[in-house]
Amino acid sequence: MLYAALKRGKVEVESIALRIFNIILSNASFILKSNSMKKTCYLIALLLCVNTINAQSQNSEKEIRNLEQIEVKAVLEKDSTMLLKLWDKEYVVNSPDNVIVFPGKTTLDRPVMKRSRMSFARNTEQVIFKGDMAFAMGSETVVTTGDQSQAAQSIKRRYTNVWMKKNTSWKLVARHANIICRE
């Protein structure tokens, strides 16, 4: 069954490793009664599963951290093509202006696209996975330009981005950011 699913390309490596791990755990009493050769084989399979799950998690974390930086660059450059690829059509933001921003007529109908920035830096401190969701948390520093009330002022804030795996790609589905200080 797993082989057929793999062949069709519909099951990810992590999912397969978890299934094998669950099969081994569900047969634990049988394994304990088996001869030493079978025990060795089961132990090797278990170790491979754990190693595969760990490698998959590390790759996913690198991918999320990379997407975080791609989004920063796209916001800074107002790259609407890239933002459409990154943002889910239902993307919701609890903005640093203390306003919840829901999707407008288009995904790009957002205050972030109307603001100019001299610089924007994001430090992703932690990425946590729960199923098909990833939570990226950290700090940001934004320096605005133009006639905004904080023009040429450095604004430090904390943020949480919520990414969801949809089909084969990650989409940013929700965000919260709050200002912690202005310099």
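Excluded from the calculations below are hydrogen atoms, water molecules and symmetry mates; all remaining heavy atoms, backbone and side chain alike, are included.
Heavy-atom minimum distance, W87 versus V112: CH2-CG1, 3.6 Å.
Looking at K78, its side chain does come within 3.5 Å of a backbone N or O of R115 through a donor-acceptor pair.
Interatomic distance, L172 CG to I70 CD1, rounded to the nearest 0.5 Å: 12.5 Å. Note that CD1 of I64 is 12.5 Å distant from CD1 of I128, once rounded to the nearest 0.5 Å. Between the CG atom of L83 and the CE atom of M113 there is a distance of 5.5 Å, given to the nearest 0.5 Å. Between F135 atom CZ and F129 atom CZ the span is 10.5 Å, to the nearest 0.5 Å. Atom CG of residue L86 and atom OG1 of residue T81 lie 11.0 Å apart, to the nearest 0.5 angstrom.
For the side-chain contact (heavy atoms from CB on, under 4.5 Å) criterion with F120, the lone passing option out of V72, T141, V143 is V72. Tested against S116 for a side-chain contact (heavy atoms from CB on, under 4.5 Å), the candidates L76, T144, T145 yield a single pass: T145.
Counting only heavy atoms from C-beta outward, the side chains of N161 and E71 approach each other to under 4.5 Å. A 4.5 Å side-chain heavy-atom check between V92 and P103 finds at least one atom pair inside the cut-off. Between E68 and Y159, the closest side-chain pair of non-hydrogen atoms falls below 4.5 Å. Counting heavy atoms from C-beta outward, V101 and R175 have side chains that stay 4.5 Å or more apart. No side-chain heavy atom of K171 sits less than 4.5 Å from a side-chain heavy atom of Y91. Between V162 and M133 the shortest side-chain heavy-atom distance falls below 4.5 Å. Between S139 and E125, some side-chain heavy-atom pair lies under the 4.5 Å cut-off. With a 4.5 Å cut-off on side-chain heavy atoms, M164 and D88 do not count as touching.
Judged by distance alone, the side chains of R158 and N178 never bring a donor and an acceptor atom under 3.5 Å apart.
For R117 and E140, the salt-bridge test fails: no basic side-chain N is under 4.0 Å from an acidic carboxylate O.
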